[in-house]
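Reviewing the structure listed below.
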Amino acid sequence: MKTLEVSQIIDGARFTKFHWMVMCLCALLLVFDGYDLFIYGAVLPVLMKEWSLSPVQAGALGSYALFGMMFGAFIFGPLADRIGRKKGVAISFVLFSVSTFLSGFSTSPTEFGVYRFLAGLGCGGLMPNAVALMNEYAPKRLRSTLVAIMFSGYSLGGVLCAGLGIWMLPNFGWQSMFFAAAVPLVLLPLILWKLPESVGFLLRQGKHDQARAMLMRIAPQGSIATGDHLVQADAKGAGAPMLDLFKQDRSVGTLMIWVSFFCCLLMVYALGSWLPKLMASAGYSLGSSLSFLLALNFGGVVGAIGGGWLGDRFTLPKVVISFFAVGTVAIALLGFNSPTPVLYLLIIVAGATTIGTQILLYANTAQFYPLAIRSTGLGWASGVGRSGAIVGPLLGGALMAAALPLKMNFLVFAIPGLVAALAIGIFMLRYRHAGQGASANSVGANGVSPASVSRSV
């Protein structure tokens with residue numbers, strides 16, 4: 001009988017059909033998640049006209065789902081450390097799909113807001129758990145790339161939402177956009193059947209035979225015998241209090257991650273909620289305005305995959321700083337009178353460096369925290385970031401109500417990019433000098449060791 005370290009087996013595994021299955025299932029879940037998140041921006045011009053909403057009321061209504069996402073991340077992140085990530089993902093998926101479907105029956109802003117809040121709970125719970133699951137199973141050398149490709153499903157959901165909106169809104173009304181959210185529920189049996197449970201959770205539950213079978217699928221070329229004893233260096237008891245995120249000199253990293261999440265999600269949801277309406281106010285038709293939303297999310301796909309590829313070759317913090325800097329410039333330039341091809345290019349770059357950077361932040365956060373508190377760390381980072389997401393639509397509504405020039409709106413949207421770049425810069429400097437931190441190249445499945453990262457940040 002041998003004693004085998006689980007994380008070493010996963011880190012050194014070759015890319016197999018199992019990894020492909022996990023990545024595709026998680027990406028598919030995030031397609032539906034992304035559709036749900038961008039649907040409000042697509043229907044906003046129609047809702048404002050039908051329900052006679054002021055810009056401030058529209059901004060507040062858009063924030064209801066984001067309040068739900070904040071609470072969902074706080075609730076389902078730690079909960080998944082107790083009940084397992086598979087159950088956490090399934091519950092979240094059903095919750096946001098059903099609630100989004102019911103939103104189509106709303107007859108008043110209040111009723112609509114309640115359903116959007118419930119949908120937000122599910123969306124906020126699914127995202128951090130899907131990231132944590134993919135991060136746990138990905139081989140070390142491909143971790144950032146696989147997480148980024150998986151997370152590009154989120155942007156594809158936005159592309160799908162904008163594309164369907166161009167066709168469905170004029171022909172079937174805004175309700176049809178929400179009714180379509182029920183279609184993914186037919187895939188629930190497939191998800192329950194094929195989506196694997198966390199190996200770390202199986203070990204904590206004493207289900208060693210299931211964990212062993214899972215590892216044999218991950219690394220079929222390895223020599224894992226029936227009697228081998230499996231251990232995981234960081235597989236402590238289930239559940240992790242929030243204060244653990246600040247222990248072992250993680251305080252600065254946790255705070256800077258939270259600041260960067262707040263700023264990044266503020267930009268993502270300010271643009272996602274108000275870009276079609278701002279462009280419509282600038283004289284573009286509804287179809288053209290939705291095509292800008294499509295371009296924004298297409299850029300998110302490019303940024304996620306390209307950023308993940310860069311992150312596996314350099315370090316995630318360096319890539320994130322570069323993306324924030326470029327994004328700040330691109331968003332600021334959106335308000336100026338540019339030729340249409342240049343405008344589309346700027347929007348694609350803005351999507352790549354906001355939506356794409358959000359995905360890189362999730363990957364970096366997953367690699368910063370040890371396995372036993374990873375869902376908790378991702379949940380809290382996502383939850384704190386959701387407060388920025390809540391501010392985004394409210395800020396957009398306030399700017400619209402103030403009737404400022406178009407360029408001023410986008411300049412205000414760009415400022416958080418500078419703040420986020422500064423936060424990640426502090427993150428890098430703190431762990432370069434202190435000999436600790438997280439990078440894409442040096443953090444394994446068990447998280448970061450205090451002395452293991454200084455060479456690669």
Side-chain angles (χ1 to χ4, degrees), residues 37-38 41 59 62-63 66-67 69-70 73-74 124 127-128 131 151 154-155 245 251-275 296 299-300 303-304 307 311 316-335 347 349-366 368 377-399 408-430 437-438:
L37 293 178
F38 285 98
S63 293
L66 304 174
F67 269 110
M69 290 187 70
M70 180 176 68
F74 285 143
M127 195 178 298
V131 175
F151 223 134
Y154 171 82
S155 300
L245 305 179
S251 298
V252 173
T254 294
L255 290 174
M256 293 304 102
I257 284 172
W258 287 3
V259 170
S260 59
F261 262 84
F262 177 92
C263 294
C264 185
L265 268 67
L266 189 156
M267 293 189 293
V268 168
Y269 288 97
L271 289 172
S273 297
W274 285 103
L275 182 63
L296 184 76
L316 279 173
K318 291 178 181 177
V319 177
V320 168
I321 284 182
S322 300
F323 274 33
F324 275 134
V326 174
T328 299
V329 175
I331 293 172
L333 291 176
L334 284 177
I347 291 174
V349 172
T353 52
T354 54
I355 300 171
T357 306
Q358 176 195 1
I359 295 166
L360 299 180
L361 286 175
Y362 271 103
N364 187 59
T365 302
F368 179 68
L378 283 163
W380 274 90
S382 182
V384 172
R386 293 305 158 195
S387 60
I390 292 166
V391 171
L394 292 173
L395 177 62
L399 292 172
M408 290 301 299
N409 292 319
F410 286 110
L411 284 173
V412 173
F413 287 163
I415 291 173
L418 291 177
V419 179
L422 179 61
I424 296 298
I426 293 172
F427 179 94
M428 288 180 60
L429 291 174
R430 171 67 177 87

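Residues Val320 and Ser260 form no side-chain contact, since every pair of their non-hydrogen atoms from C-beta on lies 4.5 Å or further apart. Proximity of Ile331 to Thr354: side-chain heavy atoms (C-beta onward) are separated by under 4.5 Å at one or more points.
Considering only residues two or more places apart in sequence or on other chains, Ala270 meets the side-chain contact (heavy atoms from CB on, under 4.5 Å) condition with Phe413. Every residue was checked against the ring pair (Phe, Tyr, Trp, His ring centres under 6.0 Å) condition with Tyr269, not counting sequence neighbours, and none meets it. With sequence neighbours left out, the side-chain contact (heavy atoms from CB on, under 4.5 Å) criterion links Val329 to Leu333. Scanning for side-chain contact (heavy atoms from CB on, under 4.5 Å) contacts around Thr328 gives Ala414, Leu418, with sequence neighbours left out. Residues passing the side-chain contact (heavy atoms from CB on, under 4.5 Å) test with Leu245, sequence neighbours excluded: Met242, Thr254, Trp258, Tyr369, Ile373, Thr376, Trp380. Contacts of Phe261 classified as ring pair (Phe, Tyr, Trp, His ring centres under 6.0 Å), with partners at least two apart in sequence or in another chain: Tyr362.
Contact record, Leu411 with Ala332: CD2-CB, 3.7 Å, taken as the closest heavy-atom pair. Across every non-hydrogen atom of Pro416 and Leu266, the tightest pair is CG-CD2, 3.8 Å. Contact between Ala330 and Val349 at its shortest, heavy atoms only, is CB-CG1, 3.7 Å. The two residues Ile390 and Ser63 have their closest heavy-atom pair at O-OG, 2.9 Å. Minimum heavy-atom separation, Val259 to Ala423: CG1-CB, 3.7 Å. Among all heavy-atom pairs drawn from Pro393 and Leu66, the shortest one is CG-CD1, 3.5 Å.
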Walk me through whether Val419 and Phe262 qualify under side-chain contact (heavy atoms from CB on, under 4.5 Å). CA-CA 10 Å; Val419 179; Phe262 177 92; over 6 Å; no

Test side-chain contact (heavy atoms from CB on, under 4.5 Å) on Leu275 and Ile347; report intermediate values, then the result. CA-CA 10 Å; Leu275 182 63; Ile347 291 174; 4.2 Å; yes

The test is side-chain contact (heavy atoms from CB on, under 4.5 Å); show your working for Leu361 and Phe323 and say whether it passes. CA-CA 11 Å; Leu361 286 175; Phe323 274 33; over 6 Å; no

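Between atom CZ of residue Arg430 and atom CE of residue Met256 there is a gap of 11.0 Å, rounded to the nearest 0.5 Å. For the atom pair CD1 of Ile321 and OG1 of Thr357, the computed distance is 11.5 Å after rounding to the nearest 0.5 Å. In this structure, CD1 in Ile355 is found 12.0 Å from CG in Leu360, a value given to the nearest 0.5 Å.
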